[in-house]
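Counting starts at 1 for both ligands and their atoms, following the listed order. This one's a predicted model, so the numbers in the text were calculated from it and none came from an experiment.
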Amino acid sequence: MNIAVIGTGYVGLCSGVGLAAKGHKVTCIGRDKEKIGMINRGIPPIYEEGLEGMMRTLLASGHLSATDDMNSVSRSEATFICVGTPSGGDGRIDLVQLESAARQLGSVLRDMSGYHVFVVKSTVVPGTTERVAAILEEASGKKAGRDFGVCMNPEFLREGKALPDFLSPDRIVIGELDRKSGDALVEIYSPFNAPLIRTNLRTAEMIKYASNSLLATKISFSNELGNICKKLGIDVYEVMKGVGMDSRISPRFLEAGIGFGGSCFPKDVSALKSLAEDIGYDPQVLASVLDTNRRQKLEIVRQLEDRLGTLKGKRVALLGLAFKGDTDDIREAPSLDIIKALLEKDAHVRAYDPQAMGNVKNIFPGIEYCKDARHALEGSDACLLLTEWEEFKGLTDSDFRLMRGSIIIEGRRILDKNKVKHFEGVCW
Ligand code: NAD
């Protein structure tokens, strides 16, 4: 099928490449001419393992192309809308990008013939896809459910594993305005070997929020347990191993650490909390998940201060800035709160990350950026390990001996006790 994908960020680009890899002919539509040029030359504007190779193959076979021309939607039978839905300042979802894309699409739809299905893939609070359908109707003069289809198809991919996750999802959720819209999306997903669940639009929207909120809850719960366990001299990882063996619970997302970040969990839990408050419900679990996380991000700085006393003038090596390994994404990354806190306490920050330094430089141009982990460690009083990059797993005492101090606190449980003698975990 000919498919258009609006938005060339993590979800848009990886969905476009994934759909093309399954045999569809995909046109990725973005606003930034430079990024479009890069995509057409086979250079991914984001870092995602395996993306470059797959893009090059699909560009060469003619299954993938990119443009900044919204009118090219008229040459496709389906459009996936993958624009950003960030958090507004007050925690509510900001729908500016989505509503503007819907208006643009509506005016293209006005002159289109034949049946076309619009699929909202962006994460949106319940009721939003109905609003998108209304905007499309208004801008096109056509009727949703009769002249064109509307679906809501939440995406569950993880950054860093975006392509394998997109290509082999645990489930595909198809929220449909009507049967015909859903049937079109079922056909698009026919090359995928995954269970399908068909729902109405609002249920599909809520499945995404419920999933992310539950995962965030597991993390905040594990972090709280970790903080308690550390005070009691109990290893929270052993505890959670025992807990996770219960088939009702699953071992995933029980790793205690420095708190969750990224473009999804913080904003999605906040958006659901705000929505609940707006409709007159006080969501105490969601509020507490966010509060626990806010505190957890700074727990590692609190412990550093405990060990070092004042941080004024202390050289602190930060290993890892991305919100997790295998990505250059720093949205809501704990590293940002940690850098801010360290600077407020007049520490000298020396940072290294294999992919994310460029993004952090835009926010904190004044800290010292190092060429590798050893460079960051050289002459430092303390080291905070913040991201689970593979290359940090190999660090040994001979690397840490480059420091002038001896305090090493890790937030990700990746250092090897056989290679590094003295270090502690943030909550173990
Ligand atoms: P992103 O910010 O990386 O990408 C969004 C892109 O949309 C940007 O490149 C922006 O320029 C583009 N865009 C906005 N309006 C446009 C328009 N009118 N025409 C063309 N392009 C336009 O965001 P993302 O991380 O890809 O997330 C997209 C959506 O998917 C969000 O709702 C997010 O919550 C959801 N989501 C993200 C992830 C993830 O891991 N990043 C996972 C699942 C779901």
Side-chain angles (χ1 to χ4, degrees), residues 4-18 27-36 38-39 44-49 51 66-73 79-88 92-108 118-125 128-129 132 135-136 139 152-166 169-173 204-205 207-213 215-216 260-272 322-333 359:
V5 177
I6 313 295
T8 53
Y10 288 87
V11 169
L13 187 56
C14 295
S15 303
V17 168
T27 308
C28 293
I29 303 176
R31 300 186 290 192
D32 182 333
K33 275 194 188 338
E34 197 185 321
K35 279 192 193 164
I36 295 300
M38 286 171 73
I39 296 171
I46 52 165
Y47 174 76
E48 197 59 53
E49 211 181 319
L51 185 57
T67 176
D68 62 350
D69 180 9
M70 193 64 102
N71 288 308
S72 58
V73 161
T79 297
F80 283 74
I81 306 173
C82 306
V83 301
T85 50
S87 203
R92 290 188 180 82
I93 187 171
D94 173 352
L95 295 173
V96 170
Q97 291 182 42
L98 184 70
E99 292 182 355
S100 141
R103 269 189 293 276
Q104 289 173 273
L105 287 167
S107 67
V108 178
F118 293 91
V119 183
V120 173
K121 203 174 224 332
S122 300
T123 302
V124 291
V125 293
T128 308
T129 306
V132 168
I135 295 173
L136 288 168
M152 199 286 141
N153 169 225
E155 180 51 54
F156 300 97
L157 62 77
R158 294 162 300 168
E159 281 177 28
K161 301 273 180 277
L163 278 178
D165 280 356
F166 184 85
D170 289 338
R171 77 306 208 183
I172 294 165
V173 176
E205 290 166 328
I207 287 173
K208 174 67 187 176
Y209 281 97
S211 301
N212 272 2
S213 297
L215 293 171
F260 56 78
S263 65
C264 292
F265 288 177
K267 90 166 165 74
D268 292 349
V269 181
S270 295
L272 183 55
F323 85 92
K324 64 175 185 177
D326 297 330
T327 180
D328 60 352
D329 199 340
I330 55 156
R331 289 177 282 186
E332 302 275 345
N359 289 336

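Salt bridge absent: Glu48 and Arg158 never bring a charged side-chain N and a carboxylate O closer than 4.0 Å. Between Asp68 and Arg31 no salt bridge is recorded (no basic side-chain N to carboxylate O distance below 4.0 Å).
Heavy-atom contacts of Thr85 reach the following atoms of ligand 1: 31 (C), 32 (O), 34 (O) (cutoff under 4.0 Å). The Ala101 neighbourhood of ligand 1 comprises atoms 18 (N), with distances under 4.0 Å to a heavy atom of that residue. Atoms of ligand 1 lying under 4.0 Å from at least one heavy atom of Ile29, given by number and element, are 20 (C), 21 (N). Interface atoms of ligand 1 facing Lys267, defined by a heavy-atom separation under 4.0 Å, are 33 (C), 34 (O). Of all the atoms in ligand 1, the ones that sit under 4.0 Å from a non-hydrogen atom of Glu155 are 43 (C), 44 (C). For ligand 1, the atoms closer than 4.0 angstrom to any heavy atom of Ser263 are 39 (C), 41 (N). Annotation for ligand 1: atoms under 4.0 Å from non-hydrogen atoms of Arg331 are 1 (P), 2 (O), 3 (O), 23 (O), 25 (O). Within the listing of ligand 1, atoms 19 (N), 20 (C) sit less than 4.0 angstrom from a heavy atom of Ile6.
Side-chain atoms of Lys324 come within 3.5 Å of backbone N or O of Glu159 as a donor-acceptor pair. Looking at Glu332, its side chain never comes within 3.5 Å of a backbone N or O of Pro266 through a donor-acceptor pair. Within the 3.5 Å criterion, the main-chain N or O of Val124 finds no donor-acceptor partner in the side chain of Thr128. The backbone N or O of Gly12 lies less than 3.5 Å from no partner atom in the side chain of Ser15, so there is not a single donor-acceptor pair. Put simply, the side chain of Lys267 gets close to the backbone of Thr85: a donor and an acceptor are under 3.5 Å apart. Not one N or O on the side chain of Asn153 forms a donor-acceptor pair closer than 3.5 Å with the backbone of Val120.
Contact annotation: for Cys264 versus ligand 1, heavy atoms closer than 4.0 Å belong to the side chain alone.
Considering backbone and side-chain atoms alike, Lys35 places every N or O at 3.5 Å or more from each N or O of ligand 1. Geometrically, ligand 1 and Arg158 share no nitrogen or oxygen pair separated by less than 3.5 Å.
Scanning the protein for heavy atoms near atom 12 (C) of ligand 1, the closest one is Gly7 CA, 3.8 Å. Scanning the protein for heavy atoms near atom 42 (C) of ligand 1, the closest one is Leu157 O, 3.5 Å.
No side-chain heavy atom of Tyr10 sits under 4.5 Å from any side-chain heavy atom of Glu155.
Considering each of Leu98, Asp268, Val11, the one bringing a non-hydrogen atom nearest atom 36 (N) of ligand 1 is Val11.
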